[in-house]
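Single-structure report; data block below.
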Amino acid sequence: ILGKKEIDKETLERLEEIMIGADIGVKATDNLIKRIEEKVQRKELSDISGLTGYLKDEIRAILKSPQSSNNPPAPPSTKGEIEGSRPYVIVVIGVNGVGKTTTIGKLAHRYKGEGKDVLLCAGDTFRAAAIEQLQVWGSRAGVDVIGQKAGADPSAVVFDACTAAKQRGVDMLIIDTAGRLHTKVNLMEELKKVKRVIGKVLPDAPHETLLILDATTGQNAISQMRLFNEGIGVTGLIITKLDGTAKGGIVIGIVDEFKRPIKMIGVGEDVSDLIDFNADDFVDSLFA
Amino acid sequence: GLTSKLDAILKKIKGRGVLNEETISESLREVRLALLEADVNFKVVKDFIGNVKERALGSDVMESLTPGQQFVKIVHSELCRIMGEKQTSLHLSPNPPTIIMLVGLQGSGKTTTAGKVANYFNKNNKKVLLVPADTRRPAAVEQLTLLGKQLNINTYNAGEEKDPVRICKAASDAAWKEGYDVAVLDTAGRLHIDSDLMNELKEIRAKAAPHEVLLVADAMTGQDAVNIAEQFNNEIGLTGVILTKLDGDARGGAVLSIKAVTGKPIKFVGTGEKLDAFEVFYPDRMASRILG
Ligand SMILES: Nc1nc2c(ncn2[C@@H]2O[C@H](COP(=O)(O)OP(=O)(O)OP(=O)(O)O)[C@@H](O)[C@H]2O)c(=O)[nH]1
Ligand SMILES: Nc1nc2c(ncn2[C@@H]2O[C@H](COP(=O)(O)OP(=O)(O)OP(=O)(O)O)[C@@H](O)[C@H]2O)c(=O)[nH]1
Ligand SMILES: [Mg+2]
Ligand SMILES: [Mg+2]
């Protein structure tokens, strides 16, 4: 990427531009550049190839660090497997338009394909045709969708869905929520109420609260993570729209600060465009 | 914020005369930091800092009692200069209907914005037709139709037709025949690097002959804003931009990137999910927001 042999000021500036251009952010970029400068000072790094290798290792390490800590129980890997955490409940949250509903359609397709019994909850009762949109995804995946009329109280729909999931003995319940800006206090309160209602019906649920982040988002993603996490707690991330030109580098700072894993990435609008997060591939594409 | 940081820097060197290359560099670094944190693209920041440097070097910032404030004033006015004059409205064609085409990335807010644009003209007693040209996304046609119902505005019914190009052409003809003042074309979200879908937009533009082609862009977009705006402008040709989701806490530096690479005016901003959350773009307010 840099066309020269040794590490000088110009090299580091060019590297800084690549990282900032990938939305890694000024602070996270500075930290990484400082570590490189120290290594160069101590003669532990002296040429370009060693440099990019070292940088990729550092970033990979950050992205892999949460895997070993505070992970929720994994979803049941076979139909009807784990008695204790059935139904396994996933709540999907995030700001407007990031890809929550579409991602749920993809998740339903994936888990159904693994032989699991999946139920969906149309928890977005606000936005025009949100329920209809999830119903289309439900029929594409071959799973049922629990919903009420538009304008209903989202907590009431979630209550219905949790009760139905329990009664039917399904393996998984995935709950769609309305997009909301993290700065809207009343909407964050609504989300907290949804979480309380889930816990009332299914005591150890939700098992997974996934924050969906759009790969084209810049520094605001940090604020989104912070407020959603403070609000109801985020257990994992899904980064969507990585099939575009945005690199999604903002996740590095987020994983470093909040220590939550990136579970999957969205790479298109079709039902199968959801793949497990791979730190190696992600880091390679950052510098591609 | 930035003003107090610059105050601290400049007060240190007060009494050493006018600003020169070396005394200005620390201040420029702070401005650069503020803009990058606001998501302005790093290439746009580089050019911008170059312009600010020229203006600051020739200025009498150091004569001021509040040099930080003076410096920020230069930066602020330079931002406003780039972001353009305040737009008062979308101009209606003297030969109705005025066809307005909305384009942009997935999830940026096009369908909701189509409702807002329709509402805006409807409130000004114009006869508006909403055209759902997204036949791809599940329930997209229903979404726009519902918004039309909420506003008591007609939505074009394409019947069995699924080709967006034919839909837009037919709707455009129908709008003219039935005496509409405005027709708003809501297209499907797409990637700027999807050549088939970008060609589809070119065809819609060729067949439906819109007077306005507006890029609907999300205020929280990061560095990628330059790529998106450049591609849409180069391939389709834009007449303006609408920035959405400004009711959040994103600094919105993407707008500077978009304006810098396309030169096209920011016509409106979206400030909420409701259909009346639609305002004229004020460059000076945006400049203050970007600087934090
Ligand atoms: N290219 C691409 N588009 C995606 C991806 N994920 C979702 N989308 C598209 O993004 C748009 C928004 O998706 P939705 O699922 O409606 O997003 P949402 O978060 O549920 O939106 P709200 O409920 O309105 O907040 C749709 O056009 C999707 O097809 C992805 O990974 N890649
Ligand atoms: N808070 C806020 N939300 C907005 C604004 N504009 C649109 N939205 C929301 O953003 C989400 C996406 O809006 P859509 O209108 O479906 O976006 P779109 O561009 O048509 O999406 P695609 O057709 O899938 O590309 C919805 O939840 C809207 O309510 C805004 O100005 N502020
Ligand atoms: Mg949704
Ligand atoms: Mg749409």
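Numbers restart at 1 for each chain; the letters A, B, ... are given by sequence-line order, proteins then strands.
Within 6.0 Å of NZ in A/Lys184 there are more than 12 heavy atoms belonging to other residues, nucleotides or ligands.
Most heavy-atom pairs under 4.5 Å with chain A: of the set B/Ala140, B/Ala250, B/Gly253, this distinction falls to B/Ala250. With respect to chain A, the highest number of heavy-atom pairs below 4.5 Å among B/Gln150, B/His192, B/Lys43, B/Glu142 belongs to B/His192. Annotation: maximal heavy-atom pairing with chain A below 4.5 Å, among B/Gly107, B/Pro138, B/Gly109, B/Ala219, occurs at B/Pro138.
Residues from residues 222-232 of chain A that place a non-hydrogen atom less than 4.5 Å from a non-hydrogen atom of chain B comprise A/Ser223, A/Gln224, given in numerical order.
Looking at heavy atoms from C-beta onward, A/Glu269 lies out of side-chain contact with B/Arg136 at the 4.5 angstrom threshold. Side chains of B/Asp249 and A/His182 form a contact here, defined as non-hydrogen atoms less than 4.5 Å apart. Looking at heavy atoms from C-beta onward, B/Asp218 lies out of side-chain contact with A/Thr216 at the 4.5 angstrom threshold.
Side-chain atoms of B/Asp39 and A/Asn220 include no donor-acceptor pair closer than 3.5 Å.
With a 4.5 angstrom heavy-atom cutoff, B/Arg251 does not touch chain A via any of its atoms. Residue B/Leu144 does not touch chain A at all, counting heavy-atom pairs closer than 4.5 Å. Both the backbone and the side chain of B/Asp247 come within contact range of chain A, with heavy atoms under 4.5 Å apart. Only the side chain of B/Asn227 comes within contact range of chain A, with heavy atoms under 4.5 Å apart.
Checked for salt-bridge contact, A/Glu13 and B/Lys46 miss the test: no charged N lies under 4.0 Å from a carboxylate O.
The minimum heavy-atom distance between A/Asp23 and B/Asp224, with the atom names listed, is OD2-N, 4.4 Å. Between B/Leu147 and A/Ala128 the shortest heavy-atom distance is CD2-CB, 3.9 Å. A pairwise comparison of heavy atoms in A/Ala129 and B/Ala139 identifies CB-O, 3.7 Å as the closest pair.
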